[in-house]
Amino acid sequence: MLDIKLIRDNPDRVKERLATVGVLETDVDALLNSDRVRRARIREVEALRAERTTRSKEIRKISDPTERDSAVRSMRALGERVSQLEKQLAQEEEDFQQRLLELPNLPHPDVPVGKDEDENVVIRTEGKPPTFVFSPRPHWELGEALGIIDFARGVKISGSRFYILKGLGARLQRALINWMLDLHVNEHGYTEVYPPVMVKQDCLVGTGNLPKFGDNLYRDIEEDFWFIPTAEVPVTNLYREEVIEPGQLPVYHVAYTPCFRREKMSAGRDVRGIKRGHQFDKVEMVKFVEPSHSDAELLALVDNAEEVCRKLNIPHRVVQMCTGDLSFVAACKYDVEMWAPGCAEWLEVSSCSNFRDFQARRAKIRYRPEPGAKPELVHTLNGSGLALPRVVIAILETYQQGDGSVVIPDVLRPYMGGQEKIDRAS
RNA sequence: GGAGAGGUGGCCGAGUGGUCGAAGGCGCUCGCCUGCUAAGCGAGUGUACGUUUAACCGCGUACCGAGGGUUCGAAUCCCUCCCUCUCCGCCA
């Protein structure tokens with residue numbers, strides 16, 4: 001959420017920058033108008049309430065019953081007027097909130113301006129794509145042939161976009177989870193958390209998934225439980241409505257959770273393999289930092305994600321999103337993509353964003369810069385570290401052998417009981 | 001899920017219709033005093049929104065778990081919900 005005062009004071013600058021992420025000027029004007037209406041109503045209501053208080057206090061001093069009675073009678077009208085206007089104010093207040101909540105973040109000034117994903121910028125590429133003396137196969141063929149991915153039974157149990165990992169396939173994913181968590185905890189300074197994967201609606205408003213993107217979420221119909229689309233949601237909300245005391249920042253958290261997404265919008269896209277499912281696992285890094293550090297913290301976050309690629313020895317590249325491809329909440333965003341030689345594409349395995357104070361304002365996450373000082377909004381950031389299915393894809397396709405077996409990357413072997421390869425026999 | 005108790009400021013805790021943003025205590029901040037420390041004395045000490053301002057101050061309104069209602073007026077009365085604790089039930 002943007003600061004309404006910023007929009008009020010610099011409407012033209014805000015419009016100009018929001019235009020680069022596709023927001024119409026008329027939307028901003030509608031918001032500003034709604035703000036004006038609401039503030040005028042506040043003045044009106046508060047003046048009447050002040051009058052009510054003063055006159056009520058006078059009533060108790062009136063001892064003559066007739067006089068008192070007529071005073072009460074005339075006050076009754078005022079009371080009704082107040083409650084009528086309060087209802088109107090509540091509506092106008094809601095209209096304003098809704099508009100403000102649906103306005104995306106301002107892009108960071110350094111973000112390249114562009115229309116859509118075609119104008120994203122590849123920042124760097126690390127590692128060389130592997131060469132094969134045979135033609136590399138996609139993971140859905142490898143996985144099925146090895147008996148470690150079962151698509152048919154996934155569909156039987158839960159429908160399309162579900163699959164079963166089996167045997168060493170399941171173990172490979174589990175090894176990755178444990179190894180990545182250990183890496184971020186031991187070498188990158190993150191504190192592990194195990195959060196709920198069902199959360200209250202407020203959490204999703206805090207991170208910016210609601211009110212606008214509810215159609216990509218699963219929820220319980222009886223209670224206020226929403227299934228998280230990413231660990232970012234519960235972990236960011238950990239400090240909702242809290243003031244982080246001096247000396248506590250930066251706070252780094254890493255969490256492993258399953259993630260649930262309806263993927264309604266992308267029906268028909270990426271249907272083959274395990275690239276895009278309704279349920280997938282992810283290790284997620286979340287940072288809470290002082291505003292002046294957030295730019296540097298984003299670069300460090302990206303590097304933490306890249307480190308996973310490096311240690312697995314899988315080529316990767318870093319892509320900066322242009323204004324047109326920024327998410328609703330991000331001020332600046334980099335994707336880390338791994339090369340998958342079997343399906344011959346770059347797979348997004350991590351998305352690292354600086355939200356600046358956009359989420360913090362929604363979720364009221366603040367910090368105290370100095371003892372006794374006024375609380376200020378923190379900056380929040382997060383990035384995958386990494387998304388499991390796509391890393392599994394990249395490993396299977398990168399480490400595949402001519403005989404259809406797959407060699408296990410060195411760093412994972414201790415997490416797989418010393419196992420060195422996956423083949424049909426195992 | 002059932003029965004009971006309870007939710008008031010940073011913390012403890014009083015308050016059952018107006019003089020209550022809320023006694024008292026603790027904590028904290030500032031000042032005084034004290035040759036260190038401790039004690040003592042005095043003053044101050046919530047948040048949000050609106051208004052005004054360069055900014056502060058000031059002024060107004062709201063906030064006593066949340067929402068709704070009664071009333072001229074609600075922390076206080078009524079209704080609904082949430083949460084915590086104790087006991088029982090169930091359960092990985």
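Naming convention: chains lettered A, B, ... in sequence-line order (proteins, then strands); numbering from 1 in each chain. Below, all heavy atoms of this structure are taken into account, side chains as well, without hydrogens, waters or symmetry copies. Predicted, not measured: the structure shown is a model, and the values here were computed from it.
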Checklist entry - Dot-bracket for RNA chain B, 5' to 3', counting Watson-Crick or G-U wobble pairs under 3.5 Å, with [ ] for crossing pairs and | for inter-strand pairs? => result ((((((((.[[[..)..(.....]]]((((((.......))))))((((((......)))))).[[[[[..)....]]]]])))))))....

Next on the checklist: For A:Thr20, is there any backbone N or O sitting under 3.5 Å from a side-chain donor or acceptor partner on A:Thr323?
Outcome noted: yes

Checklist outcome for this item: Here the distance between atom P of B:U71 and atom CZ of A:Arg68, to the nearest Å, is 15 Å

Checklist outcome for this item: Of A:Lys87 and A:Ala71, the one whose closest nucleotide on RNA chain B sits nearer the 5' end is A:Lys87

Table please: side-chain donor-acceptor pairs of residues 202-221 of chain A below 3.5 Å, with sequence neighbours left out.
from: A:Thr207; atom 1: OG1; to: A:Cys203; atom 2: O; distance (Å): 3.1
from: A:Thr207; atom 1: OG1; to: A:Asn209; atom 2: OD1; distance (Å): 2.6
from: A:Asn216; atom 1: OD1; to: A:Arg262; atom 2: N; distance (Å): 3.4
from: A:Asn216; atom 1: OD1; to: A:Glu263; atom 2: N; distance (Å): 2.7
from: A:Tyr218; atom 1: OH; to: A:His278; atom 2: ND1; distance (Å): 3.1
from: A:Asp220; atom 1: OD2; to: A:Glu222; atom 2: N; distance (Å): 2.9
from: A:Asp220; atom 1: OD2; to: A:Glu223; atom 2: N; distance (Å): 2.6

Next on the checklist: So, applying side chain to side chain donor-acceptor pair (under 3.5 Å) with A:Glu86, which one of A:Arg49, A:Arg41, A:Arg81 is it?
Outcome noted: A:Arg49

Checklist entry - Looking only at heavy atoms, which two atoms of A:Ile177 and A:Tyr256 are closest? And how far apart? => result CD1-CE1, 3.4 Å

Checklist entry - Once you round to the nearest 0.5 Å, how far does CZ of A:Arg174 lie from CG of A:Leu388? => result 12.0 Å

Checklist entry - Is A:Arg153 atom CZ crowded by more than 12 heavy atoms from other residues, nucleotides or ligands, each under 6.0 Å away? => result no

Checklist outcome for this item: From CG of A:Asp224 across to P of B:C81 the rounded distance in Å is 16 Å

Checklist entry - Between A:Glu67 (CD) and B:C72 (P), how many Å, whole number? => result 18 Å

Next on the checklist: Does a side-chain N or O of A:Arg76 approach OP1 or OP2 of B:C72 to a distance below 4.0 Å, or not?
Outcome noted: yes

Checklist entry - Roughly how many Å is it from CD in A:Glu241 to P in B:A66, rounded to a whole number? => result 12 Å

Checklist entry - Using atom P of each nucleotide, how far apart are B:A55 and B:G46 to the nearest Å? => result 22 Å

Checklist entry - In terms of heavy-atom contacts, does NZ of A:Lys200 have more than 12 from other residues, nucleotides or ligands at under 6.0 Å? => result no

Checklist entry - Which whole-number value in Å describes the distance from A:Glu80 CD to B:G73 C1'? => result 14 Å

Checklist entry - In whole angstrom, what separates A:Ile59's CD1 from B:U19's C1'? => result 15 Å

Checklist entry - When you look at CD of A:Glu245, are more than 12 heavy atoms from neighbouring residues, nucleotides or ligands closer to it than 6.0 Å? => result yes

Next on the checklist: Can you build the contact string for nucleotides 47-65 of chain B? Use B for base contact, S for sugar-phosphate-only contact, and - for no protein heavy atom under 4.0 Å.
Outcome noted: -SSSS--------BBS---

Item to check | Nearest-angstrom distance from the residue atom CZ of A:Arg368 to C1' of B:C28 | outcome: 11 Å

Item to check | Between B:G42 and B:U52 - C1' atom distance, rounded Å | outcome: 33 Å

Next on the checklist: Walk me through whether A:Glu102 and A:Gln98 qualify under side-chain hydrogen bond (donor to acceptor under 3.5 Å, both in side chains).
Outcome noted: CA-CA 6 Å; A:Glu102 294 197 352; A:Gln98 189 75 11; 3.1 Å; yes

Item to check | Euclidean distance, atom CG of residue A:Asp69 to atom P of B:U71 [Å, nearest integer] | outcome: 14 Å

